[in-house]
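Data block below; observations after.
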Amino acid sequence: MPLDIDKLRLDFPILAQTVNGQPLVYLDNAATTQKPQSVLDALQHYYQHQNANVHRAAHALSGQATQEFEDARTKVATFINAPDSKQVIWTRGATEAINLVAYSFGMPHLKAGDEILLSTMEHHANIVPWQQVAAATGASIKVIPLTEHAELDLAAAADLFSERTKLLAVSQVSNALGVINPIKELITMAKAVDAITLIDGAQAVGHLPVDVQALDCDFYVFSGHKMFGPTGIGVLYGKRELLEKMPPWQTGGEMIKHVSFAQTTFSELPFKFEAGTPNIAGAIGLGAAIDYISGLDRNAVAAHEHQLMQQLVAGLSALPEVHIIGRPQAGAVSFIMDDVHPQDMATLLDMQGIAVRTGHHCAMPLMQALGLPQGTLRASIAFYNTPHDITALLTGIDKAREFF
Ligand code: PMP
């Protein structure tokens, strides 16, 4: 059955508002997604009825908060098919999860002569932490180049893998181009040389089913706010044997077994990586987002998003001065326009209530590789977008062109 989008949109109160006097057309979902009422209610309910610190269950509220917090961890584990919720570590987001792996796995394990393999398409969050590791350890960074269609060049990737490759860190879906990367093939290549694999799923979780066991990656990271959950909460999934061996990254309360001035022993997984009071409400809110998504017909969602992407790509391609970058498949479409600066177009669209993003999309090396120093305009969808939203964008671009 097709989705009843009009009905689903009622679950997202923010979408009903006007912006600059126009009905909001929200096409900036790759930056952050909107939250359904059930997520807003879960946050409110926690603070109104259960607010207490977790894992210190000397009283009823703390017990309830702990239960909800740990239930949310289990929901995440089920959502990504992790074998055990102990392998789900709460972080502030994808960025912090990558930093955790960089500092706790990369720093102690890598040395001069080792190589970290990234792709040209990575978000800065999956570049800069590795540069820090490389600078501190003497390891070097290699980069999988693009094909002429702005996709990852698998043949070139095959040549880059060697015994020196110790870690592959790539995104499943590009935030800048909406391309789905061939991560299964890349993970297989990495395994052939015993390299550890980290998949940045920040742009995947909101659009594709994710099964970390089927992928057989070592680490998988994402942010709650890109999948209809709150900001400030994210996830690191890791293979148990790796997580067990990795030292804690941040230290302090909540992650210890015993402390004396002579020595400290650390908690078991997942707590040894969760120093300090966590984002309890955020985790519970993310659990509510997973409940919400799980209640949707995922096939119908995929079919609807596919249709929106096709409409967007066809509509933009039909506009004479518009050039789509690469071959977008999921979530986002990046484009440039002849003689129009992306920021100027975005401002004119914003005046019409249409929210898109412009610039380098935290992927400056990608923009350099594509020869796009001004960056691009990016329209990014979620399942609550409608064919009308896409038409509004296309008409909005047409209207805006009259200014130039
Ligand atoms: N990776 C990708 C592909 C992203 O799109 C983003 C967010 N734009 C991140 C990592 C970082 O996510 P966060 O800022 O939520 O930590």
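Both counts, for ligands and for their atoms, begin at 1 and track the order of listing.
Under 4.0 angstrom from ligand 1, there are no non-hydrogen atoms of S171.
Taking the six-membered ring for Trp, F228 and F383 have ring centres closer than 6.0 Å. When ring centroids are compared, H55 and F271 come within the 6.0 Å threshold. Taking the six-membered ring for Trp, Y292 and F12 have ring centres closer than 6.0 Å. Aromatic ring centres of H124 and H360: separated by under 6.0 Å.
Distance alone, capped at 3.5 Å, places no donor-acceptor pair between the R73 side chain and the I89 backbone. Of the possible polar contacts, one joining the H304 side chain to the N385 backbone as a donor-acceptor pair under 3.5 Å is found.
Using a 4.0 Å cutoff on heavy atoms, E122 does not count as a contact of ligand 1. Between K226 and ligand 1 there is a heavy-atom distance shorter than 4.0 Å. Ligand 1 has D200 within reach: a non-hydrogen atom of the residue lies less than 4.0 Å from it.
Among G201, A125, S223, G93, the residue whose heavy atom lies nearest to atom 13 (P) of ligand 1 is S223.
Against a heavy-atom cut-off of under 4.0 Å, H225 is close to the following atoms of ligand 1: 15 (O). Listed by number with element, the atoms of ligand 1 under 4.0 angstrom from any heavy atom of T95 are 11 (C), 12 (O), 13 (P), 14 (O), 16 (O).
Between E96 and ligand 1, not a single N/O pair is under 3.5 Å apart. The shortest N or O to N or O distance between H123 and ligand 1 is below 3.5 Å.
For H388, the NE2 atom counts as loosely surrounded, since its 6.0 Å shell holds 12 or fewer non-hydrogen atoms of other residues, nucleotides or ligands.
The shortest contact between atom 5 (O) of ligand 1 and any protein heavy atom is with Q203 NE2, 2.7 Å.
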